[in-house]
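Reviewing the structure listed below.
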Amino acid sequence: MWRRATLFLRVLEPPIHINASLSQTFTTGFPFHFQEKDGICPKPLITFVLGGPGSGKGTQCGKIVETFGFKHLSAGDLLRREMVSDSEYGSMIMNTIGEGRIVPSEVTVKLILREMESSDNHKFLIDGFPRSQENRIAFEQIIGAEPHMVLFFDCPEEEMVKRVLSRNQGRIDDNINTIKNRLQVFESLNLPVIDYYAKKGKLYRINAVGTVDEIFEHVRPVFEACEF
Ligand SMILES: Nc1ncnc2c1ncn2[C@@H]1O[C@H](COP(=O)(O)OP(=O)(O)OP(=O)(O)O)[C@@H](O)[C@H]1O
Ligand SMILES: O=c1ccn([C@@H]2O[C@H](COP(=O)(O)O)[C@@H](O)[C@H]2O)c(=O)[nH]1
Ligand SMILES: [Mg+2]
């Protein structure tokens with residue numbers, strides 16, 4: 001697994017050095033304007049974090065942020081925030097999440113893009129996205145970038161259901177009926193995305209059974225093997 005990470009390093013591109021006076025108008029070659037830091041405009045380093053509902057993506061992202069200094073963007077959290085704002089999409093998002101379906105790609109990608117553009121960090125952990133091949137293609141087209149690597153938290157269904165039902169955060173989708181739909185959507189639409197990245201050699205499968213700290217010990221070396 002570590003050898004794969006080393007090989008993978010070869011495709012990481014170096015940061016772009018730019019003239020400070022151009023910083024207001026310069027774009028990285030991506031469709032979005034990326035914030036310059038100390039005269040350097042680094043290319044975004046994107047990690048997608050995938051796994052079924054309750055597999056522990058958010059929990060592990062918290063630990064990755066603490067240890068490796070990434071900016072954590074949970075697509076679900078962004079959608080929930082948009083849902084309770086005055087957004088024109090609010091009721092559509094609420095109905096879609098309540099039924100465990102997938103929100104249209106343009107809406108989710110727009111929210112992710114907004115966060116990326118306003119961040120002064122260039123290392124992004126995008127949690128719970130892309131949910132489908134259609135999501136993935138929309139991200140590539142709108143953001144104009146691909147992930148450097150993809151983590152997949154592999155967890156048995158019974159464990160995921162148990163974790164979601166004991167989460168107690170008041171989420172409208174943490175009930176047994178919606179969980180059944182979310183699991184079905186995960187299998188039919190999200191697994192093909194995971195397969196896609198496995199075929200591209202970008203996927204790191206993590207056994208998501210065990211304590212939070214035990215699981216993080218499987219995650220840590222994946223990031224340690226990357227020099228960023
Ligand atoms: N290794 C673990 N063992 C037991 N419980 C865990 C573990 N990791 C996370 N949890 C708990 O399980 C619940 C789900 O975890 P988390 O929210 O991180 O999952 P998620 O993959 O982000 O889920 P979702 O896709 O629904 O957002 C939380 O209450 C969390 O505290
Ligand atoms: O890219 C995404 C991410 C999420 N959703 C919807 O939100 C819920 C909850 O997502 P979590 O990642 O579990 O927080 C998910 O079931 C979808 O309904 C989405 O549509 N697109
Ligand atoms: Mg989550």
Side-chain angles (χ1 to χ4, degrees), residues 47-65 72-112 115 125-136 138-139 150-198 203-216 218-219:
T47 298
F48 286 154
V49 180
L50 303 179
S55 57
K57 301 180 293 296
T59 304
Q60 293 297 323
C61 282
K63 296 192 69 81
I64 297 165
V65 166
H72 177 205
L73 299 179
S74 155
D77 287 349
L78 295 177
L79 288 167
R80 282 184 285 274
R81 205 205 296 163
E82 186 73 4
M83 181 176 90
V84 296
S85 72
D86 259 351
S87 161
E88 58 181 308
Y89 304 122
S91 56
M92 178 276 289
I93 294 173
M94 188 168 76
N95 293 334
T96 310
I97 290 182
E99 291 167 12
R101 292 182 290 107
I102 299 177
V103 171
S105 299
E106 319 79 84
V107 174
T108 313
V109 176
K110 219 157 111 181
L111 296 175
I112 294 173
E115 294 298 310
L125 275 183
I126 303 187
D127 161 3
F129 181 95
R131 250 19 203 216
S132 64
Q133 293 281 55
E134 199 253 327
N135 268 180
R136 175 183 68 73
F139 182 91
V150 179
L151 298 187
F152 165 41
F153 288 99
D154 195 1
C155 193
E157 255 187 45
E158 319 80 76
E159 178 67 18
M160 293 195 278
V161 172
K162 197 172 86 188
R163 289 182 191 174
V164 168
L165 290 180
S166 49
R167 180 156 45 191
N168 275 328
Q169 285 177 358
R171 277 178 50 165
I172 53 170
D173 52 348
D174 281 355
N175 60 77
I176 193 63
N177 287 332
T178 312
I179 293 167
K180 282 183 189 156
N181 293 346
R182 287 160 72 194
L183 287 168
Q184 228 166 44
V185 167
F186 172 70
E187 206 172 305
S188 58
L189 298 178
N190 207 195
L191 282 182
V193 178
I194 289 165
D195 277 353
Y196 172 86
Y197 287 119
L203 192 81
Y204 293 86
R205 195 193 74 84
I206 307 287
N207 177 3
V209 179
T211 66
V212 170
D213 288 343
E214 281 166 356
I215 296 164
F216 187 63
H218 302 312
V219 171

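Since we're looking at a predicted model, the values are computed, not measured. We count residues from 1, following the sequence as given.
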Starting at CD1 of Ile93, measure out to OG of Ser85 and round the result to the nearest 0.5 Å. 7.5 Å
Is any NZ, NE, NH1 or NH2 atom of the basic residue among Glu158 and Lys162 found under 4.0 Å from an Asp or Glu carboxylate oxygen of the other? no
Note, Val107 side chain near Met92 side chain (heavy atom, < 4.5 Å): yes
How many angstroms lie between atom CG of Asp77 and atom CE of Met83, to the nearest 0.5 angstrom? 11.0 Å
Please find the pair of heavy atoms, one from Val209 and one from Pro156, that lie closest to each other, and give the distance. CG2-CD, 3.4 Å
Kindly indicate whether the side chain of Ile194, heavy atoms from C-beta on, has any atom under 4.5 Å from the side chain of Val150. no
For Lys110, does the NZ atom have more than 12 heavy-atom neighbours from other residues, nucleotides or ligands under 6.0 Å away? no
If you count heavy atoms of other groups shown closer than 6.0 angstrom to CD of Gln133, is the number above 12? yes
Nearest heavy-atom approach of Gly128 to Ala75 is O-CB, 4.1 Å
Distance col, row Glu157:CD vs Ile179:CD1, nearest 0.5 angstrom, shows 10.5 Å
Nearest heavy-atom neighbours spanning Val103 and Asn135: O-ND2, 4.4 Å
Going from CZ on Arg182 to CG on Asp173, what distance comes out if it is rounded to the nearest 0.5 angstrom? 4.0 Å
Taking Arg163 for the side chain and Ser55 for the main chain, is one N or O donor matched with an acceptor at less than 3.5 Å? yes
Heavy-atom donor-acceptor pair, Gln60 side chain to Val212 backbone, under 3.5 Å: yes
Flag side-chain contact, heavy atom, 4.5 Å: Ile97 against Arg80: yes
His218 side chain to Asn207 side chain, donor-acceptor N/O pair below 3.5 angstrom: no
Least distance between heavy atoms, Ala208 atom then Ile215 atom: O-CD1, 3.2 Å
Check whether any side-chain heavy atom of Phe216 sits under 4.5 Å from a side-chain heavy atom of Ile64, and report yes or no. yes
Would His72 and Asp127 satisfy side chain to side chain contact (heavy atoms under 4.5 Å, CB included), going step by step from the backbone distance to the final call? CA-CA 7 Å; His72 177 205; Asp127 161 3; 2.9 Å; yes
To the nearest 0.5 Å, what is the distance between SG (Cys155) and CE (Met160)? 5.5 Å
Would you say the side-chain atoms of Lys57 pair up with the backbone N or O of Gly52, donor to acceptor, closer than 3.5 Å? yes
Trace of the side chain to side chain contact (heavy atoms under 4.5 Å, CB included) decision for Leu79 with Thr108: CA-CA 7 Å; Leu79 288 167; Thr108 313; 3.9 Å; yes
Quick check: do Leu125 and Ser74 have side-chain heavy atoms less than 4.5 Å from each other? no
Just by distance, do the side chain of Arg136 and the backbone of Val193 share a donor-acceptor pair under 3.5 Å? no
How far apart are the C-alpha atoms of Phe48 and Tyr197, what are their side-chain angles, what is the distance that settles it, and do they pass the side chain to side chain contact (heavy atoms under 4.5 Å, CB included) test? CA-CA 10 Å; Phe48 286 154; Tyr197 287 119; 3.4 Å; yes
Closest non-hydrogen atom pair, Asn190 against Ser132: ND2-N, 4.4 Å
Side chain to side chain, Lys63 and Asp213, heavy atoms closer than 4.5 Å: yes
What residues form a ring pair (Phe, Tyr, Trp, His ring centres under 6.0 Å) with Phe129, not counting sequence neighbours? Phe139
When rounded to the nearest 0.5 Å, the distance separating CG of Leu151 from CD1 of Ile126 is 12.5 Å
Side-chain donor/acceptor of Thr178 to backbone N/O of Gly100, under 3.5 Å: no
What salt bridge (charged side-chain N to carboxylate O under 4.0 Å, His left out) pairs are there with at least one residue in residues 93-103, not counting sequence neighbours? Glu99-Arg101
Looking at Pro53 and Leu183, what are the two nearest heavy atoms and their distance? CG-CD2, 3.8 Å
Less than 4.5 Å apart, side chain to side chain, heavy atoms only: is that true for Asn168 and Asp174? no
